[in-house]
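Notes for the one structure printed next.
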Amino acid sequence: MKSLIAWIKEVKATIQPYQVSVLIISFIAMLTANGLVMALPIILLDPTLICFDNSNGLEGPGFECSMREACSGEYTYVIDQTESINSFTNEFNLICDDGYLSDLVGSFAFFGKMLGYFFYTYYIDTSKPLVRPLMNTILACGITGMLALVCFDPRLYYVIMFLFNFFNSGIITLCYSHTVEVCQKNKELKESCVQLIYVGWALSSCYSAAFAQISSDWRILTSIVSSLPLIIVYFWYYNLESHYYEFLKDVQHLKADTAYDEKEYVKEHPKAGHFINLLKFKSLRMMTIMTCLIESILGIVYYGAHLAVDSLVGNIYINMSLLGIMEAIGYLTSAVVNTQYKRRESHYVFLFLNFLVYILFLFCYTEHKSESTYELLVANAVLALAGKWLNTVLYGMFHGYLAELAPNNYRPAIFSFTGAVSAVFFIIIPQIITAMQMLGFSSYVAFGISNLLGILFVCPLEETKGKVPKEVADEELTDQIELAKPDAQAQTPSTV
């Protein structure tokens with residue numbers, strides 16, 4: 001088993017400048033773009049409310065109360081501006097009858113993310129090199145978020161969040177696909193590059209929490225913290241496309257004066273596969289269905305992990321930072337697992353461990369924290385963080401596995417397609433969990449069973465450890481052979 005230090009030395013000796021640039025761009029893009037998504041609990045934080053007895057109006061002694069108490073009609077309430085941060089909810093007074101207007105921000109964000117995945121599934125089919133659409137999407141996402149500085153109407157913020165998350169899904173798809181493409185040229189990086197850039201995704205919680213401590217203004221969090229770095233990245237690496245062609249010349253050992261541009265790239269690389277073929281081609285159909293189901297399962301469990309962490313008592317900023325740290329450790333763990341162990345076996349082990357965590361939650365979780373003992377609170381915290389770590393390890397392993405399962409020309413399509421299906425689940429999961437709770441079932445039962453279903457969905461997938469991904473689908477390879485036959489026959493001299 002190769003030690004981590006030995007692996008780092010080998011990567012350092014073989015990595016090329018362009019690969020470093022792509023890893024940095026993807027890391028920063030993941031960190032800042034997802035930072036806004038992770039900052040939503042702070043952006044939409046309810047204001048601190050002070051309630052007074054209706055009989056005395058605002059003259060009597062007040063007490064800090066919840067949103068439910070303030071809106072019950074039993075009390076008169078005011079917003080404590082000395083304690084409340086300048087959240088979106090607070091500035092536009094979106095409480096009680098207008099409370100649903102605050103919830104719409106998250107709905108527009110997830111809807112934009114879902115449509116973005118579907119759009120980029122098609123867009124990548126028709127694009128050529130990924131580096132140009134990647135940089136353009138980074139710029140579009142950055143400009144969209146900066147519009148929050150002049151946002152003085154909640155309806156405009158819905159549009160901003162929709163567009164930001166639309167482009168954010170494109171950043172995730174393109175960063176993933178281009179990074180895998182580039183890192184395949186390096187044998188030490190090809191099994192772990194996905195997990196390395198996802199560390200940026202993980203640390204977005206810490207990033208958002210740190211800046212929220214400095215400025216909790218929702219406009220600053222949306223624009224300066226989450227969007228301005230994307231614009232800086234775009235202009236800092238403005239000439240990335242020309243460097244990409246130089247990189248391809250180097251890995252092919254071409255002479256420095258050899259002309260190499262987009263036309264040459266198109267000649268040498270197979271055309272990007274259309275996402276319709278993911279279900280049309282028999283060689284891709286089972287893989288597509290199973291990976292969509294696994295991605296959705298991981299999305300359900302991801303939601304459960306967030307519920308578990310949200311249930312922790314204490315400072316919201318500390319909880320967000322703990323969340324980010326556990327995710328970062330999880331992605332680094334998945335990088336190590338991917339380089340050492342077989343794909344299917346490692347998925348079986350971690351899915352089963354995650355199942356055990358949620359079953360244990362049934363014995364120590366209580367809805368009312370005031371009724372919990374110190375031991376139960378500690379057990380809740382340990383299980384919540386363990387569940388978050390395991391879920392992140394699974395995400396990292398699965399996305400690395402996905403890059404190996406799909407043929408090279410279908411990698412962007414399968415990633416976008418599974419992400420789009422998962423986004424649909426993200427929209428309906430809260431309604432499913434609410435319905436279960438109304439029927440008297442614990443939501444943690446659903447999260448636990450989901451992990452067992454994940455084990456079943458992994459079974460039909462091919463073991464890819466140590467194998468080289470195909471360039472094109474089997475059906476496309478057959479078509480190429482059939483098209484070549486008439487040419488070969490035409491060139492064969494006829495005999496009399």
Side-chain angles (χ1 to χ4, degrees), residues 8-34 120 123-143 167-168 170-201 227-272 335 399 403 408-409 411-412 415-416 469 471:
I8 292 173
K9 287 181 178 178
E10 291 184 9
V11 169
K12 187 177 179 181
T14 57
I15 196 168
Q16 298 190 35
Y18 184 79
Q19 292 170 328
V20 174
S21 298
V22 170
L23 288 171
I24 292 173
I25 290 170
S26 299
F27 182 90
I28 296 175
M30 292 278 200
L31 176 72
T32 56
N34 191 57
Y120 278 93
Y123 175 63
I124 294 175
D125 290 339
T126 58
S127 67
K128 294 173 184 176
L130 297 180
V131 60
R132 188 186 305 166
L134 168 61
M135 297 307 291
N136 290 340
T137 303
I138 287 174
L139 178 63
C141 194
I143 292 175
F167 293 124
N168 184 21
I171 287 177
I172 296 169
T173 300
L174 292 164
C175 282
Y176 171 89
S177 302
H178 189 55
T179 303
V180 172
E181 175 194 359
V182 170
C183 289
Q184 275 193 338
K185 313 295 183 183
N186 186 311
K187 66 177 183 178
E188 302 300 334
L189 274 177
K190 65 181 182 180
E191 291 186 321
S192 55
C193 63
V194 171
Q195 292 79 15
L196 292 178
I197 64 171
Y198 268 94
V199 172
W201 171 286
S227 305
L228 184 60
L230 297 175
I231 297 175
I232 294 173
V233 164
Y234 175 82
F235 286 104
W236 189 271
Y237 291 99
Y238 182 74
N239 292 321
L240 188 69
E241 187 172 3
S242 62
H243 295 312
Y244 176 54
Y245 296 128
E246 292 296 321
F247 165 74
L248 291 178
K249 285 169 57 177
D250 289 342
V251 297
Q252 296 180 53
H253 305 292
L254 300 177
K255 294 181 180 179
D257 58 351
T258 303
Y260 196 98
D261 55 14
E262 184 177 308
K263 291 182 180 179
E264 297 298 321
Y265 175 92
V266 173
K267 288 179 184 178
E268 296 176 358
H269 291 76
K271 184 180 178 182
H399 286 156
N408 287 336
N409 66 325
R411 187 182 302 113
F415 182 81
S416 296
E471 284 295 327

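Index from 1, following the sequence.
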If you compare all heavy atoms of [X] against all heavy atoms of [Y], which two are closest, and at what distance to 0.1 Å?
X      : Y      : value
Pro129 : Tyr245 : CG-OH, 3.4 Å
Leu230 : Ala29  : CD2-CA, 3.8 Å
Cys175 : Met30  : CB-CE, 4.2 Å
Ala33  : Ile171 : CB-CD1, 4.2 Å
Thr32  : Pro229 : CG2-CB, 3.5 Å
Ser26  : Ile197 : CB-CG2, 3.6 Å

Taking the side chain as everything from C-beta on, heavy atoms only, tell me whether [X] gets closer than 4.5 Å to [Y].
X      : Y      : result
Ile172 : Tyr198 : yes
Leu23  : Ile15  : yes
Ser21  : His243 : no

Quick one: CG on Leu228 to CD1 on Ile143, what's the gap to the nearest 0.5 Å?
->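 So the CG of Leu228 and the CD1 of Ile143 are separated by 11.5 Å.
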
To the nearest 0.5 Å, how far apart are CZ in Arg411 and OG in Ser416?
-> 12.5 Å

For Leu240, the option from Phe247, Tyr18, Tyr234 that meets side chain to side chain contact (heavy atoms under 4.5 Å, CB included) |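 Running side chain to side chain contact (heavy atoms under 4.5 Å, CB included) over Phe247, Tyr18, Tyr234 with Leu240 returns exactly one hit, Tyr18.
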
Residues 130-140, side-chain donor-acceptor partners within the protein, below 3.5 Å, at least two apart:
unit_1 : atom_1 : unit_2 : atom_2 : d
Arg132 : NE     : Glu241 : OE1    : 3.2
Arg132 : NE     : Glu241 : OE2    : 3.4
Arg132 : NH2    : Glu241 : OE2    : 2.8
Arg132 : NH2    : Glu262 : OE1    : 2.6
Asn136 : ND2    : Arg132 : O      : 3.4
Thr137 : OG1    : Tyr120 : OH     : 3.0
Thr137 : OG1    : Pro133 : O      : 2.7

